[in-house]
Amino acid sequence: MRSSWADAVENSAGESLDNAGTSGGNERPSAAARSAYVPPHLRNRPPVSEPPAPSVGGPHSFNDRPGSGGPTSGSRWGGGRTEYGRQGYGGGGGGGRGSGGWRGRGGWGGKDREVNPFGNDDVDADAEPAFNEQENSGINFDAYEDIPVETSGGNVPPPVNTFAEIDLGDALNLNIRRCKYVKPTPVQRHAIPISLAGRDLMACAQTGSGKTAAFCFPIISGIMKGNFPQRPRGVRTVFPLALILSPTRELSVQIHEEARKFSYQTGVRVVVAYGGAPINQQLRELERGVDILVATPGRLVDLLERAKVSLQMIRYLALDEADRMLDMGFEPQIRKIVEQMDMPPPGERQTMLFSATFPKEIQVKVRMASDFLSNYIFLAVGRVGSSTDLIVQRVEYVHENDKRSYLMDLIHAQRANGVQGKHALTLVFVETKKGADSLEHWLCMNGFPATTIHGDRTQQERETALRSFKSGNTPILVATDVAARGLDIPHVAHVINFDLPNDIDDYVHRIGRTGRAGKSGLATAFFNENNMSLAKSLAELMKEANQEVPDWLTRFAGRASFGNKGRRGGGRFGGRDFRRDSSYNRGNNSGDYHGGGGGYGGSGGSYGGGYPSAWD
DNA sequence: AAAAAAT
């Protein structure tokens, strides 16, 4: 009954933007309207009219590598980009509030004016934003109806239904309109009031559901309205008020781009710092003043050790992809930043942890209740577009040696169906950096325009590859897990797990690169004997998302001898508050959380032993 | 075991 590869791709690719699978949908934009959609983060770019004509040099002509004859975008620091570091605009400039900190030195005034991150369609801050586009927000809100929401902790502020209900301030409200956000997504509805109330937060919301805005809005609003002590001047150290950490450089860049839009003409300045790029330009940006610093951990530690940045004025700390930030590889760095530098302790700062997944092990191991958070609220918003029916998930048994030929079938089917191109991007995940290079080379040799992103490439190559993919010039991107989390790439129609990850959470994040903003997508996985440890959790995840689970996978999942772990308390939500798990409210663990960090509010008693665990 | 993240 299951159809062939080619059928699978044809069927899903043709409808991948239409078969959202939810009821209603009568207001879904037409195909024509959709193709006119320009995602927020691309609206300030020069229009990509036509891809450069492929040079006659063969398959490599689409490659973005140096000397390959592909499109040559300017490098971030090579002067090719126009949206950064423009000088000589004359004086004036925005600055919603004229007090305090670096603004005393001139703020946006002086030589440079704040560059409009919304591009040319927004000529004047006072003018009515252009609302003549077909789409309103790019978000399919039909997909967000009846999302299960779980909150726990004491005195949880009630959710809001509109942005108007929240007093975020005029300047920020204007930017929300410029972003064409008409109403908050579920995670925003719940998280923003919690955050505005000053509460710490651990938030689980599925991929593509608007987490960035959920933590940016309260931070920007708080900085605009807050009265902060004058920050030291005349020293070469800068004192940001907010810190946003993320696990990859590209994600930090993306968060920075979003945050710049949200903070446009609010007087709040956002700066990004990450490795692999020359530090001097980042230092110059910092010295011009910084309220919100977006950074990757390594570069931030470097800046702290050089005393270029001090965290002693931090009032807001946000960890995006927080479970990744606190896993084995990152935890020491994060602890150093959060606990061993000059950052104020929990309670004196507001801490927000966001992720689409929150394995219980992370919550427990790091003991975030007492280490990172103070009297926090746990929020879980059911997955939309990630492991729901918004993403059609397929898994096929493919031996290692057959993978390339299967991949070729998939891509051929897409091309034959005429859906390859700018609006049907294919993201292929592999396990290793070498594997990524090798597969990219093979695809190019076979006439398929592919590029690759992984940690062995230079930062310039990585960013060029991502741009080339996003623009559709190179509609196939081969990636390692560096691209698994957080990246918002519109028009990814198909995620292929050429090599499956070992961890089901990584799978969730990977397939979440499609089905963004309530749109649907397709995810295909190649499964073989090397992936047995994933069988049980994968089968459970797919079943939970109403996906068709092949019989052979169900059989593998049932064999305990494979050391299957199952889904670690994932359940209907992206995660759950470990405080609700009875096993952590008994025995020697309980003291860590009830006695340690000041508890978690008045309703704590209801989480005593014996709480029925519907998810374990 | 691999990937990511400072130089």
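All chains are named by letter (A, B, ...) in the order of the sequence lines, taking the proteins before the strands, and each is independently numbered beginning at 1.
Candidate nucleotides B:dA5, B:dA1, B:dA3 were compared by shortest atom distance to the side chain of A:Glu431, and B:dA1 ranks first.
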Going by atom type alone, with no hydrogens or angles, which donor-acceptor pairs under 3.5 Å involve a side-chain atom of residues 312-320 of chain A and a protein atom two or more places apart or on another chain?
residue  : atom : partner  : partner atom : Å
A:Arg315 : NH1  : A:Met313 : O            : 3.2

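One interatomic measurement links the two molecules: CG of A:Asp506 to C1' of B:dA3, which rounds to 9 Å at whole-angstrom precision. Atom pair A:Leu245:CG and B:dA4:C1' shows a separation of 14 Å (rounding to whole Å applied). Across the protein-nucleic acid pair, A:Met325 atom CE and B:dA5 atom C1' stand 9 Å apart, rounded to whole Å. B:dT7 atom P lies 12 Å from atom CD of A:Gln333, rounded to whole Å. Between the P atom of B:dA1 and the CG atom of A:Asp327 lies a distance of 17 Å, rounded to the nearest Å. Rounded to whole Å, the distance from NE2 on A:His509 to P on B:dA2 is 22 Å. If you measure from atom CG of A:Asp456 to atom P of B:dA2, you get 12 Å, rounded to the nearest angstrom. Counting to the nearest Å, the P atom of B:dA5 and the CD atom of A:Gln282 are 13 Å from each other.
Looking at heavy-atom distances under 4.0 Å, A:Val482 makes contact with sugar-phosphate atoms alone, never a base. No engagement by A:Arg324 is indicated, since no non-hydrogen atom pair under 4.0 Å with the nucleic acid exists. Residue-level contact check: A:Gly455 touches the backbone only, with heavy atoms under 4.0 Å from sugar-phosphate atoms and none from bases. Contacts of A:Arg485 with the nucleic acid, taken as non-hydrogen atoms under 4.0 Å apart, are absent.
Using a 4.0 Å cut-off, some side-chain N or O of A:Arg249 falls inside it from OP1 or OP2 of B:dA5. Listed pair A:Thr480 / B:dA4 meets the phosphate criterion, a side-chain N or O lying under 4.0 Å from OP1 or OP2. For the OP1/OP2 pair of B:dA4 and a distance below 4.0 Å, the side-chain nitrogens and oxygens of A:Lys433 include at least one atom meeting the criterion.
For B:dA2, the base has no donor-acceptor partner in the side chain of A:Asp481 [N/O atoms by modelled type, under 3.5 angstrom].
In the model, A:Tyr507 has a side-chain atom that pairs as donor or acceptor with a side-chain atom of A:Gln393 under 3.5 Å.
Looking at residues two or more places apart in sequence or on another chain, you find a side-chain contact (heavy atoms from CB on, under 4.5 Å) between A:Thr458 and A:Gln460, A:Glu461.
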| message | As a quick check of understanding, evaluate side-chain contact (heavy atoms from CB on, under 4.5 Å) for A:Val115 and A:Arg260, giving each step before the final call. | response | CA-CA 9 Å; A:Val115 175; A:Arg260 275 178 67 237; 4.2 Å; yes
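Around the NZ atom of A:Lys336, the shell of radius 6.0 Å holds no more than 12 heavy atoms that belong to other residues, nucleotides or ligands.
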